[in-house]
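Notes to accompany the following structure.
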Protein chains: 2
Amino acid sequence: MSNHPADDGQTGIKSVDTSLDIVETLTTEGPMTITELAEVLDRSPSNVLAHLRTLERRGFAVKENDRYRPGLRYYEVGNSIKENYPLYVHGTDPADELAADTGEYVWLMVVEQGLGYYLYKTGGEDAVESGAYTTGSRWRLNATASGKVVLAHMDDDELDEVLDAHGLHSMTPNTITDRDALEAELETIREQGFARDREEAAVGIRGVAAPVRGLDGVIGTVSLSGPASRIEGEYFQSKLPQLVTETADIIRIKHNGARAVDR
Amino acid sequence: MSNHPADDGQTGIKSVDTSLDIVETLTTEGPMTITELAEVLDRSPSNVLAHLRTLERRGFAVKENDRYRPGLRYYEVGNSIKENYPLYVHGTDPADELAADTGEYVWLMVVEQGLGYYLYKTGGEDAVESGAYTTGSRWRLNATASGKVVLAHMDDDELDEVLDAHGLHSMTPNTITDRDALEAELETIREQGFARDREEAAVGIRGVAAPVRGLDGVIGTVSLSGPASRIEGEYFQSKLPQLVTETADIIRIKHNGARAVDR
DNA sequence: CGTATTGTTCGACCATGTCAAATCACCCAG
DNA sequence: CTGGGTGATTTGACATGGTCGAACAATACG
């Protein structure tokens, strides 16, 4: 019935699944009418209407000139999640500084359920805006510098779990898709303390990422990215890693300091 | 059973409501265990578990050291909504400039279901960070300069509807809570083309807001806010209104220009 | 070891989510 | 103004499946 993974025998609420199907369809496909939704999801219009009424009453869906779209309550809930992340709270200012110093994009990423979410993006006045690169969207961990950093600091069980769940998906010809090659890369990352992205997520874009360590484990990453024309040579080899690692340290210190004071 | 408004006889999906109850509780109260949630929402733990399993499988809830919290998919959906707003797409750069020129906070606000949502906040290096003021949260329209601007440009039916739905809630002693006083204020706003906030949303904070007009009606607002100690005198009376209105015009032109090109 | 607490499974009941069909609202073409 | 077509909404009836309680498992604590 549902086309979603993990539709296993487990307990679950099917009607909640349909509401989520509706919202996800509206986010990916754009605003739709009731009949269109009913068509796509293969359910009766009356049923779709019932769901949309519930969602609309709660602010999670909105009718806008005869079409429905997800409501801004998603934005409200999402923002509140973001602001509860220590990485975001303590990371934005240092990230802004790094961006100002380098003129490139600087990112903050966290991992949830084996996928990377970019919580913050800053800077990049000189850079070309590449549409796909934006905050909020999910990324597979093997394809980005930030993702590889997090993978490098997982124990083996976690690593297996993540790779089993999401695989080694290829984004560009340079994406690491071989398990052994990935293991070697992760070892290198552990040794040097940071990761490089050699046009593995998008052609023409290189980057460097460093882990931000919390009291137990990595709480997220800082990364910097820009066009391969600028990110190269000694700058790419040693200067940027140094800058990014320093920024990660600043965030770590702010974070751990704040935690101690919390008590 | 439910404590929510509009629990009228209309058609709706009750189990979706409970899932939304769960998520909203988790956002406002913070991470909770299953039994805690069951307690608060007055339902069986097994039922709460079934909901959380569904939400977790879809990334809309996450278990984090024995407690559940809303998942980052809310952030993802919310961000995608935000980025579809023309006000956001064309407004951030002009807002940044205004913030750089004045050193105060600059905001972009849109209205959904009669409530104001701030999509963007920028600047304010000199200003004190006031916790409640953040993007994403909903505001009643009568209590802010931005809100009043939108109300001023509604037709009477809409105005009645909004005020009936959300009332004239007071935030500070200066909040306009009288219907006639509000009508007079809205008339003034229409005449002068912008609105002032005289410590009506928060004590010690003043602001100015201007409407951004689209092809049919107001698509949102730009506003500027800061401490009453700085926002006063001639600056508050004429300079700021001029700057904010200019910024609104810049956004409007970018917006309408872009729309024409879309064809 | 027991005891308390929370998470999870299971079975059964009946609320309710679902669909089909009928009705209504709206828009155009003629 | 009329009629036909499209999409939204209402209604009623059926069976799915959402719900709860009770039993069970897992864990923590003394």
Side-chain angles (χ1 to χ4, degrees), chain A residues 1-4 6-26 29-58 60-71 113 157 216, chain B residues 1-4 6-26 29-58 60-71 113 157 216:
Chain A
M1 189 157 290
S2 172
N3 50 356
H4 277 277
D7 212 4
D8 45 10
Q10 287 285 39
T11 331
I13 312 290
K14 298 217 170 123
S15 47
V16 171
D17 266 309
T18 32
S19 263
L20 296 180
D21 284 339
I22 290 176
V23 170
E24 289 189 346
T25 308
L26 293 177
E29 310 291 313
M32 297 175 82
T33 69
I34 289 181
T35 31
E36 283 168 350
L37 271 170
E39 186 82 11
V40 171
L41 299 174
D42 196 35
R43 0 200 78 246
S44 70
S46 43
N47 185 25
V48 173
L49 173 64
H51 279 272
L52 283 172
R53 274 220 261 253
T54 312
L55 293 168
E56 186 173 29
R57 173 162 41 79
R58 298 297 218 94
F60 288 90
V62 176
K63 194 192 242 169
E64 214 169 60
N65 29 277
D66 297 327
R67 270 152 211 279
Y68 287 87
R69 63 163 177 84
Q113 296 185 336
D157 297 348
D216 36 21
Chain B
M1 190 157 291
S2 173
N3 50 356
H4 277 278
D7 211 5
D8 46 10
Q10 287 285 42
T11 330
I13 312 290
K14 298 222 169 105
S15 47
V16 171
D17 265 309
T18 42
S19 263
L20 296 179
D21 284 337
I22 289 175
V23 170
E24 290 189 345
T25 308
L26 292 178
E29 311 290 315
M32 296 176 81
T33 68
I34 290 182
T35 31
E36 283 168 350
L37 271 169
E39 186 81 11
V40 171
L41 298 173
D42 197 33
R43 355 201 81 245
S44 70
S46 45
N47 185 26
V48 173
L49 173 63
H51 280 272
L52 284 173
R53 275 220 259 253
T54 313
L55 292 169
E56 186 173 29
R57 173 162 41 80
R58 298 297 219 95
F60 287 91
V62 175
K63 193 193 242 171
E64 217 169 58
N65 28 275
D66 297 327
R67 269 151 212 281
Y68 288 88
R69 62 163 177 84
Q113 294 185 335
D157 296 348
D216 38 19

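Chain naming here is simple, since letters A, B, ... match the order of the sequence lines and numbering starts at 1 in each. Because the structure is predicted, anything quoted here is derived from the model rather than measured.
Distance B:Asp17 CG to C:dT16 P: 11 Å, rounded to the nearest Å. Rounded to whole angstrom, the span from the CG atom of B:Leu49 across to the C1' atom of D:dA25 amounts to 14 Å. Rounding to whole angstrom units, CE of residue B:Met32 and P of C:dT6 are separated by 12 Å. With rounding to whole Å, A:Ile34 atom CD1 is found 13 Å from D:dT6 atom C1'. Atom C1' of nucleotide D:dG7 and atom CZ of A:Arg43 are separated by 19 Å, given to the nearest angstrom. Computed from coordinates, the A:Asn65 CG to D:dG7 P distance equals 17 Å when rounded to whole Å. Whole-Å rounding puts the B:Asp21 CG to D:dG18 C1' distance at 15 Å. To the nearest angstrom, C1' of D:dA8 lies 13 Å from CD of A:Glu56.
B:Thr18 places a side-chain N or O within donor-acceptor distance of the main-chain N or O of B:Ser15, the cut-off being under 3.5 Å. A donor-acceptor pair under 3.5 Å is absent between the side-chain atoms of B:Glu36 and the main chain of B:Arg67, judged by distance alone.
Ranked by how close their nearest DNA chain D nucleotide is to the 5' end, B:Ser46 and A:Pro45 are led by A:Pro45. Both A:Tyr68 and B:Thr18 sit near DNA chain D, but only A:Tyr68 has its closest nucleotide nearer the 5' end.
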Using the side-chain contact (heavy atoms from CB on, under 4.5 Å) rule, take A:Phe60 and A:Val23 through it: C-alpha gap first, then chi angles, then the decisive distance, then the call. CA-CA 8 Å; A:Phe60 288 90; A:Val23 170; 5.7 Å; no
With salt bridge (charged side-chain N to carboxylate O under 4.0 Å, His left out) as the criterion, how do A:Arg58 and B:Asp21 come out once you've worked through the C-alpha distance, each side chain's angles and the decisive distance to 0.1 Å? CA-CA 10 Å; A:Arg58 298 297 218 94; B:Asp21 284 337; 2.3 Å; yes
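When each of D:dT10, C:dG17, D:dT19 is scored by its nearest atom to the side-chain atoms of B:Ile13, the top-ranked nucleotide is C:dG17. With D:dT9, C:dC19, C:dT8 as the candidates, the nucleotide lying closest to the side chain of A:Lys63 is D:dT9.
B:Asn47 has a side-chain polar atom (N or O) that falls below the 4.0 Å cut-off from OP1 or OP2 of D:dC20. A sub-4.0 Å separation between OP1 or OP2 of C:dC14 and a side-chain N or O of B:Lys14 is absent. Look at A:Arg53 and you'll find a side-chain N or O under 4.0 angstrom from OP1 or OP2 of D:dT10. Contact check, B:His51 against D:dT19: a side-chain N or O comes under 4.0 Å of OP1 or OP2.
With rounding to the nearest 0.5 Å, the separation of CE in A:Met32 from CG in A:Leu41 is 7.5 Å.
The residue A:Thr35 sits close only to the backbone: its heavy atoms come under 4.0 Å of sugar-phosphate atoms, none of a base. Backbone-only engagement by A:Ser15 is indicated by non-hydrogen atom pairs under 4.0 Å involving sugar-phosphate atoms exclusively. The residue B:Ser44 sits close to a base: some heavy atom pair falls under 4.0 Å.
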